[in-house]
> 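This is the structure I want to talk about, given as structure tokens.
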Amino acid sequence: MSTSTFRTAVVRKPAGPDSIEIIDVPIVEPGPDEVRVAIAAAAGNPVDLGVVTGRFHAMGLVNQPHHTGLGWDFAGTIVAAGRDVDLVVGTRVAGFVAGFDRDFGTYAEQIVVPAANVAVVPDGLDLVTASTVPLNGLAAAQIVDLLGDALPEANRLLVTGAAGAVGGYVAALAPDRGWQVTGL
């Protein structure tokens, strides 16, 4: 690998886990409102299995002509920042890549993403743990937003799968909106 490229995991022709390839891609500088992050950890998600098996290609959600990037969540350190970004080089962040139809993902050595898609990782949290939060935490926050505030006459919430990542975050976030949570 030269210093002008980095490695990333992709799928060219989805056919299961054996279709995953590691390729070199050019390093790009972040544009306005973007950061380039050296990835320390990337979480594995069930959706990646759907990509490597071709499920999302068959649904028309992936139309990449050359390859599809794998990985959604990540944590790492900012190594470059574009114009209009308040975060500085060296800041530890966690974030995500949105959408199915993309040529890059977080199973990579580096990634360029919108600065709005990252959050600063607190000093006491290791980057491996931080990499598991973005997609699951965002999904849970969206669920709780859809639920809205609990009503006095209807404030009980049963969270099935409360031991899972998304369910665990729903169980933690819902009480702030007035819900009395029971986890299953």
> What pair of heavy atoms forms the shortest contact from Asp48 to Gly71, and how long is it?
OD1-N, 3.0 Å
> Do Val85 and Pro30 come close enough that some side-chain heavy atom pair is under 4.5 Å?
no
> Are the side chains of Pro14 and Thr53 in touch, meaning some heavy atoms are under 4.5 Å apart?
no
> Show the nearest heavy-atom pair for residues Ala94 and Val121, with the distance to one decimal.
N-CG2, 3.4 Å
> Contact between Val97 and Ile111 at the side-chain level, heavy atoms closer than 4.5 Å - yes or no?
yes
> Do Val181 and Leu147 share a hydrophobic cluster (ILVMFWY, side-chain heavy atoms under 4.5 Å, transitive)?
yes
> Please examine the side chains of Val88 and Ile78, heavy atoms only from C-beta on, and report whether any two atoms are closer than 4.5 Å.
no
> For Val166 and Ala140, work out which heavy atoms get closest and say how close.
O-CB, 3.7 Å
> Identify the residue among Ile20, Ile23, Thr68 that makes a side-chain contact (heavy atoms from CB on, under 4.5 Å) with Arg12.
Ile23
> Of all heavy-atom pairs between Val79 and Ala38, which one has the smallest distance, and what is that distance?
CG1-CB, 3.7 Å
> Should Ile39 and Leu87 be counted in the same cluster of Ile, Leu, Val, Met, Phe, Trp and Tyr side chains packed under 4.5 Å apart?
yes
> Answer yes or no: is there a donor N or O on one side and an acceptor on the other, between the side chain of Asp84 and the main chain of Pro32, under 3.5 Å?
no
> What distance separates Arg102 CZ from Leu70 CG, expressed to the nearest 0.5 Å?
7.5 Å
> Consider only side-chain heavy atoms of I, L, V, M, F, W and Y, link residues closer than 4.5 Å, and tell whether Val25 and Val28 are in one cluster.
no
> Can you measure from CZ (Arg177) to CG (Asp149) and round to the nearest 0.5 angstrom?
4.5 Å
> Hey, could you give me the CG/NE2 distance between Asp101 and His57, rounded to the nearest 0.5 Å?
8.0 Å
> To check you understand the geometry: which heavy-atom pair defines the closest contact between Arg92 and Pro122, and what is its length?
NH2-O, 2.8 Å
> Roughly how far, to the nearest 0.5 Å, is the OH atom of Tyr169 from the CD atom of Gln142?
14.5 Å
> For the atom pair NE2 (His67) and CZ (Phe104), what is the distance rounded to the nearest 0.5 Å?
10.0 Å
> Check whether Thr106 reaches the backbone of Asp73 with its side chain - one donor and one acceptor, N or O, closer than 3.5 Å.
yes
> Is there a side-chain contact between Arg55 and Val51 in this structure, where contact means two heavy atoms from C-beta onward sitting under 4.5 Å apart?
no
> Is there a side-chain contact between Val35 and Val113 in this structure, where contact means two heavy atoms from C-beta onward sitting under 4.5 Å apart?
yes
> Give a yes or no on whether Asp176 atom CG has more than 12 heavy-atom contacts from other residues, nucleotides or ligands under 6.0 Å away.
yes
> Are any side-chain N or O atoms of Asn136 and backbone N or O atoms of Thr132, one a donor and one an acceptor, separated by less than 3.5 Å?
yes
> Any chain of hydrophobic side-chain contacts (each under 4.5 Å) joining Val11 to Leu61?
yes
> Determine whether Phe96 and Val93 fall in the same hydrophobic cluster, where Ile, Leu, Val, Met, Phe, Trp and Tyr are linked whenever their side-chain heavy atoms lie under 4.5 Å apart.
no
> Given side chains that start at C-beta, do those of Thr182 and Leu157 come closer than 4.5 Å, heavy atoms only?
no
> Find out whether Val47 and Trp72 are in side-chain contact, i.e. whether some heavy atom of one side chain is under 4.5 Å from a heavy atom of the other.
yes
> Looking at every heavy atom in both Asp126 and Val128, which two are closest together, and how far apart are they?
OD2-N, 3.1 Å
> If I take atom CG from residue Leu158 and atom CH2 from residue Trp179, how far apart are they, to the nearest 0.5 angstrom?
11.5 Å
> Please lay out, stage by stage, how Asp24 and Arg7 fare under the test salt bridge (charged side-chain N to carboxylate O under 4.0 Å, His left out).
CA-CA 5 Å; Asp24 288 337; Arg7 294 178 298 171; 5.2 Å; no
> Spell out, as yes or no, whether a donor-acceptor pair under 3.5 Å connects the side chain of Arg36 to the backbone of Gln110.
no
> Tell me if a side-chain donor or acceptor on Thr8 pairs with a main-chain N or O of Tyr107 at a distance below 3.5 Å.
yes
